[in-house]
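Remember, it's a predicted structure, so these values are computed and weren't measured experimentally.
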Amino acid sequence: MTFDLLTTDPHTKARAGVVHTDHGAIETPIFMPVGTAGTVKAVQQRDLENDIQAQIILGNTYHLYLRPGLDILRQAGGLHQFNGWDRPILTDSGGYQVYSLSNTRKIKEEGVKFRSHVDGSQHLFTPEGVMDIQRTIGADIMMAFDECTPWPCEYAYAARSLDMTHRWLKRCIQRFDSTEGHYGYSQALFPIVQGSTFKDLRIKSAEFVAEQGREGNAIGGLSVGEPAELMYEMTELVCDILPPDKPRYLMGVGTPANILENIALGVDMFDCVMPTRNARNGLVYTTQGIMNLAARKWAEDFEPIDAALGGYVSTFYSRAYVRHLFHSKEMLGPQIASIHNLTFYLWLVKQAREQILAGTFREWKDVMVKKLMTRL
């Protein structure tokens with residue numbers, strides 16, 4: 001994997017670049033739809049390619065390990081062959097799931113013992129094992145195994161966790177560098193910067209991660225409940241340390257406004273379940289602001305969801321019709337809203353990229369952030 005940095009906005013730290021993988025190029029800044037269990041919920045691959053125009057999607061190591069399991073994935077020829085997605089895939093290592101399974105897991109130096117949420121069976125994730133699992137899944141970009149600390153947490157806990165995450169990273173790198181992919185194409189490994197919201201820990205982690213010299217780097221442990229301003233402060237601190245010639249991935253972020261503000265701080269890659277999770281409850285993001293299409297106010301509004309956005313579902317279906325689908329509990333409602341929201345997110349980062357290349361990002365961003373936070 002390689003990264004070409006094309007330009008940096010003259011008035012912010014926003015960047016436009018291209019990530020090159022064996023499954024195709026990714027123009028940054030980019031948003032990556034989350035396909036936790038090998039599928040972006042309620043969205044077909046055809047829609048991801050044609051309407052949403054996704055350039056890369058995510059899979060999750062924890063969920064894919066449990067279902068369908070490594071044997072099935074290996075027999076299929078990896079996740080690309082299994083789900084029919086021929087563009088790049090990134091896999092989360094399972095560290096966040098370890099964080100969210102706090103009642104059913106034990107963290108030790110060896111790794112993490114946990115109980116499956118599916119059947120209660122016991123499993124062990126180690127840094128080496130997670131590398132092997134991601135090799136079998138066949139992701140273009142693999143994530144290092146880390147511990148995602150909760151917020152708030154005590155300094156002593158965050159410091160101990162960070163040191164262990166760094167030791168785990170060295171084990172991940174050793175295993176990754178001593179193994180080969182299974183399916184004839186190259187894979188990259190991204191380390192993850194942790195340290196909660198403590199400046200000195202974030203600096204320590206960013207410097208350690210930068211020293212590893214991997215093809216790209218990630219920022220984890222944010223968007224876990226901390227105020228947005230703290231997230232921005234930590235992100236800027238880390239981006240100023242991470243090497244400029246490598247892509248920077250902020251994990252699990254976020255709202256449209258969050259994405260634009262973090263692009264301005266130097267982040268290149270994003271993912272979040274928000275556009276699809278909120279879509280399933282009727283909340284959609286548009287070029288003019290936020291709409292709850294399940295609300296009564298749209299029952300007699302026969303305008304398209306968002307004529308300015310373009311794309312099939314956003315211009316073909318009316319607000320009244322989608323409201324009717326939600327009110328009637330028809331599956332098509334969440335499907336339409338999911339495709340629309342992802343189309344919007346990919347449109348947003350594409351617009352940001354064009355503004356960066358034109359040198360007009362800051363003025364555009366300031367206007368868009370206010371607009372995108374408006375409730376319609």
Would you please test R167 and K170 for side chain to side chain contact (heavy atoms under 4.5 Å, CB included) and show each step?
-> CA-CA 5 Å; R167 293 192 296 273; K170 297 298 286 187; 5.9 Å; no

Does a donor on one side chain and an acceptor on the other come within less than 3.5 Å for Y65 and N60?
->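 The criterion, which ignores hydrogens and geometry beyond distance, is not satisfied for N60 and Y65.
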
When you check the side-chain N and O atoms of Y62 and H117, is any donor under 3.5 Å from an acceptor?
->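 Side-chain D/A pair, Y62 to H117: present.
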
If we only count heavy atoms from C-beta on, is the F326 to R323 side-chain gap below 4.5 Å?
-> no

Is any side-chain heavy atom of R202 less than 4.5 Å from a side-chain heavy atom of Q194?
->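 Touching, per the 4.5 Å side-chain cut-off.
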
Donor-acceptor pairs under 3.5 angstrom involving side-chain atoms of residues 138-145: please list them, not counting sequence neighbours.
{"residue": "D140", "atom": "OD1", "partner": "H23", "partner atom": "ND1", "Å": "3.4"}
{"residue": "D140", "atom": "OD1", "partner": "H80", "partner atom": "NE2", "Å": "3.0"}
{"residue": "D140", "atom": "OD1", "partner": "I89", "partner atom": "N", "Å": "2.9"}
{"residue": "D140", "atom": "OD2", "partner": "H23", "partner atom": "ND1", "Å": "2.7"}

Do [X] and [Y] sit within salt-bridge range, that is, some charged N less than 4.0 Å from a carboxylate O?
X    : Y    : answer
K246 : D268 : no
E180 : R135 : no
R362 : D9   : no

Identify each donor-acceptor pair in which a side-chain atom of residues 333-346 lies under 3.5 Å from a protein atom, sequence neighbours left out, and give them as a table.
{"residue": "S338", "atom": "OG", "partner": "P334", "partner atom": "O", "Å": "2.7"}
{"residue": "H340", "atom": "ND1", "partner": "S314", "partner atom": "OG", "Å": "2.8"}
{"residue": "H340", "atom": "NE2", "partner": "Y285", "partner atom": "O", "Å": "2.6"}
{"residue": "N341", "atom": "OD1", "partner": "Y285", "partner atom": "N", "Å": "2.9"}
{"residue": "N341", "atom": "ND2", "partner": "P275", "partner atom": "O", "Å": "2.8"}
{"residue": "N341", "atom": "ND2", "partner": "L283", "partner atom": "O", "Å": "3.0"}
{"residue": "T343", "atom": "OG1", "partner": "I339", "partner atom": "O", "Å": "2.7"}
{"residue": "Y345", "atom": "OH", "partner": "G254", "partner atom": "O", "Å": "2.9"}

Rounded distance (nearest 0.5 Å) linking atom CD1 of I107 with atom CZ of R160 |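 CZ of R160 is found 11.0 Å from CD1 of I107.
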
Shortest non-hydrogen separation from A25 to Q55 and the atoms involved |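 Looks like O-OE1, 3.7 Å.
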
